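A note on names: the letters A, B, ... follow the listed sequences, proteins ahead of strands, and every chain is numbered from 1. All values derive from a computational prediction rather than experimental measurement.
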Amino acid sequence: MASPNVLTPQAEDFPKWYQDVVAKAEMADNGPVRGTMVIRPYGYAIWERMVAEVDQRIKKTGAQNAYFPLFIPQSYLAREAEHIEGFSPELAVVTIAGGEELAEPIVVRPTSETVIGEYMAKWVQSHRDLPLLLNQWANVVRWELRPRLFLRSSEFLWQEGHTAHASAEDASSYALRIHTEVYNDFLTSILAVPTLLGIKPPSERFAGATNTMTCEGMMRDGKALQMATSHELGQNFAKAFDIVFQNDAGESAHCFTTSWGASTRMVGGLIMAHGDDNGLVVPPRLAPIQVVILPVREGDEAVDAACAQLAATLEANEVRVTLDKGRGSFGRRTTDWEIKGVPLRLEVGPRDLAEGLVTMVRRDTNEKISVALDAVAGAISHALGAMQADMLAAATARRDDRITTVSTVAEAIEASQNGFARLSWSLVTPEIEKQLKGEALTVRCLQRADGSIPLSDTEDGLTCIIAKSY
RNA sequence: CGGGAAGUGGCGCAGCUUGGUAGCGCACCUGGUUUGGGACCAGGGGGCCGCGGGUUCGAAUCCCGCCUUCCCGACCA
């Protein structure tokens, strides 16, 4: 256990705890311009792991990576009325470049539906060109009034997928496939964050979408965080950008498009879904460092040799392992790795070594197990697997404890002070949504009674999740 | 963008009321003793006090403007 005063306890001040973890785990710093973020090597290593896992899943669905420009003509955004209306307040616009006032202002992309739409129109001629499945990893800029590291920064990193299809059904099923096979699978099986899948109410839809799906996660303070999102755009952008194809009967038709994204916000979600008073807890399958080998004292030849041997063995078993430098007190080094959330520590000291043992400690439970030197590889592999499963189970239990099914709006407001309220969607009128807003609450998503994703907000028998959110 | 709080070595803070040129803890460097849950002793280094203006013989301290951060709201991945 970390000594007191390393981090602000969660129960005392959750936002302060979050900042402490971001700083002390060396995840990120504020940038010099308000809302900007410097991602430090450890934070970036975690992001890179997310990128690798998500990218691999995206490619499995058939999408290909490409890259589109940062700068977008302002007129492009204006072509889709809802889109420009939704994004205008958040845009950073370049009006001077090369020392001259520009004839047409250039927008720094807040998202790339518009530029990509322009090129889709160029590239799509026939139904044989469809579906067109594109993805890009990029930075985007949305000027934020209230920034928070990872959760809401004015510039952030993400992946944005953009696809064009011949039919509404094809677009819809692809967006759903991304939602479940890419996002939800990544979130649950790698990030160990259980999700509630649903659609956004019309008031919360992406600007220009006909349907927005969301993966809502619950943080340890009971607030909701949208971890990823997937949109059906209907023919809105196809009409604005003339994305037209000839079908097999030789007739012209507008495509149906989708877009979907997941961002560095997931790093914030990781911190807040799993972190505890001792710091970050990174699930093993995500962790850039899965095991740290920690010599109890420096300069002990037997210990150093055993550490080197263990590192080699684990590397050969494809475990992502780091050898602690052994400088400074044992307690200090232990605490530092604990704050970084490394799943397993292997403590190697002369006492254990004399008996042919090392001590393995799990970050999530602090459970200490003595392991024989020649059994380390197997024990590590087993512990990594167990910890991954236990973290998802624990997060799921915490979440379910905090979801209350209620039957009135007043009860929903009460129940959502410390968690999620589940209420019949039929009780939520636009006036009620306003009332909720006054209580700092929003409808996070709509679900069918069985928790599955509805096709539309007008289906009968839907429930909604009401919560505070980040 | 509105309402609150705050910016002083890397981090956390004191000093400001009653102007006189900066201090503490942690971190850092050197040496030694240590090392099984944030070690100890000794000796060191580092700050034009967020930025810009003003008042004054003199400003961390008083006045004005701006920037940044945090909390609460409206907007959002």
Considering every strand and a 4.0 Å limit on heavy-atom distances, what is the contact class for A:Gln19: base, sugar-phosphate, or nothing? sugar-phosphate
Gap in Å between the two C1' atoms, one belonging to B:U18 and one to B:A27, rounded: 35 Å
Per salt bridge (Lys or Arg N to Asp or Glu O under 4.0 Å), A:Asp324 is matched among A:Lys340, A:Arg333, A:Arg345 by A:Arg333
By the 4.0 Å heavy-atom rule, please label A:Leu225 as base, sugar-phosphate, or nothing. nothing
P spacing across the pair B:G9 / B:G52, given as an integer number of angstrom: 15 Å
Side-chain N or O of A:Arg265 less than 4.0 angstrom from OP1 or OP2 on B:A77? no
Identify whether a stacking contact exists between A:Phe156 and B:A77, where the ring centres must be under 5.5 Å apart and the planes under 30° apart. yes
Pick the P atom in B:C51 and in B:C67, then give their distance to the nearest Å. 15 Å
In terms of the angle between their ring planes, are A:Tyr174 and A:His165 parallel, tilted or perpendicular, with boundaries placed at 30° and 60°? tilted
If you check the A:Leu145 side chain, which of B:G36, B:C1, B:C76 turns out closest? B:C1
Ring centroid separation for A:Phe87 and A:Phe206, is it under 6.0 angstrom? yes
Considering every strand and a 4.0 Å limit on heavy-atom distances, what is the contact class for A:Asp336: base, sugar-phosphate, or nothing? base
Candidates B:G37, B:A77, B:A74 - which lies nearest the side chain of A:Arg146: B:A74
Checking all strands, does A:Lys16 fall into the base, sugar-phosphate, or nothing category for heavy-atom contacts under 4.0 angstrom? nothing
Is A:Gly261 touching bases, backbone alone, or none of the nucleic acid, heavy atoms closer than 4.0 Å? nothing
Should B:U61 form a Watson-Crick or G-U wobble pair with both distances under 3.5 Å, which nucleotide is its partner? none
Just checking A:Ser88: base, sugar-phosphate only, or nothing, at a heavy-atom cut-off of under 4.0 Å? nothing
With rounding to whole Å, what would you report as the distance between B:G7 and B:C49 at their P atoms? 15 Å
Given B:G36, B:G37, B:U34, which nucleotide is nearest the side-chain atoms of A:Glu298? B:U34
If you take all heavy atoms of A:Ser259 and A:Leu233, which pair is closest and at what distance? OG-CD1, 3.8 Å
Answer yes when A:Lys468 and A:Asp221 have at least one side-chain N-carboxylate O distance shorter than 4.0 Å, and no when they do not. no
By nearest-nucleotide position on RNA chain B, the 5'-leaning member of A:Pro15 and A:Trp158 is A:Pro15
For B:U55, give its Watson-Crick or G-U wobble partner with both distances under 3.5 Å, or none. none
hbond_proxy A:Lys368 side chain to B:G37 base (donor-acceptor, 3.5 Å cutoff): yes
Is there a donor N/O on one and an acceptor N/O on the other, under 3.5 Å, for the side chain of A:Ser329 and the base of B:A39? no
Students often get this wrong, so: under 4.0 angstrom with heavy atoms, is A:Thr111 touching a base, only sugar-phosphate, or nothing? nothing
So, are A:Arg363 and A:Asp276 salt-bridged, with charged N and O less than 4.0 Å apart? yes
Write down the distance separating the P atoms in B:C48 and B:A60, rounded off to the nearest Å. 12 Å
Of all the choices, B:U35, B:G36, B:C76, which nucleotide is nearest to the side chain of A:Arg297 once you look at every atom? B:U35
Under a 3.5 Å limit on both distances, the Watson-Crick or wobble mate of B:C66 is B:G50
Can you label the angle between the A:Phe237 ring and the A:Phe241 ring as parallel, tilted or perpendicular, going by 30° and 60°? parallel
For B:A27, the Watson-Crick or wobble partner whose two distances fall under 3.5 Å: none
P atoms of B:G45 and B:A5, separation to the nearest Å: 40 Å
With a 3.5 Å cut-off and just heavy-atom distances, do the side chain of A:Arg345 and the base of B:G37 make a donor-acceptor pair? yes
With a cut-off of under 6.0 Å to the ring centre and 45° to the axis, is A:Arg79 in cation-pi contact with A:Tyr76? yes
Heavy atoms under 4.0 Å, any strand shown: does A:Gly328 hit a base, just sugar-phosphate, or nothing? base
What contact category does A:Pro350 fall into here, base, sugar-phosphate, or nothing, at under 4.0 angstrom with non-hydrogen atoms? base
How far does the C1' atom of B:C70 sit from the matching atom of B:A77, given to the nearest Å? 22 Å
Looking only at side-chain N and O atoms, does A:Lys437 come under 4.0 Å of OP1 or OP2 in B:C75? yes
What is the pairing partner of B:G37, taking Watson-Crick or G-U wobble pairs with both distances under 3.5 Å in any strand? none
Sugar-phosphate, base or nothing in reach of A:Gly31, heavy atoms under 4.0 Å: nothing
Could you say whether A:Gly349 or A:Ala440 is positioned toward the 5' end of RNA chain B, judged by the nucleotide with the nearest heavy atom to each? A:Gly349
Spacing of A:Ile339 atom CD1 relative to B:C11 atom P, expressed in whole Å: 17 Å
Same-atom distance (C1') from B:A59 to B:G50, integer angstrom: 16 Å
Sugar-phosphate only, base, or nothing, as touched by A:Arg148 at under 4.0 Å among non-hydrogen atoms: sugar-phosphate
What one should report as the nearest heavy-atom pair of A:Val348 and A:Ala306 is CG1-CB, 4.1 Å
What nucleic acid atoms does A:Glu90 come within less than 4.0 Å of, heavy atoms only: base, sugar-phosphate, or nothing? sugar-phosphate
At less than 3.5 Å, do the side-chain atoms of A:Thr334 and the base atoms of B:G36 form a donor-acceptor pair? no
Complementary nucleotide of B:U17, counting Watson-Crick and G-U pairs under 3.5 Å: none
pair_partner(B:C75), Watson-Crick or wobble, both distances < 3.5 Å, evaluates to none
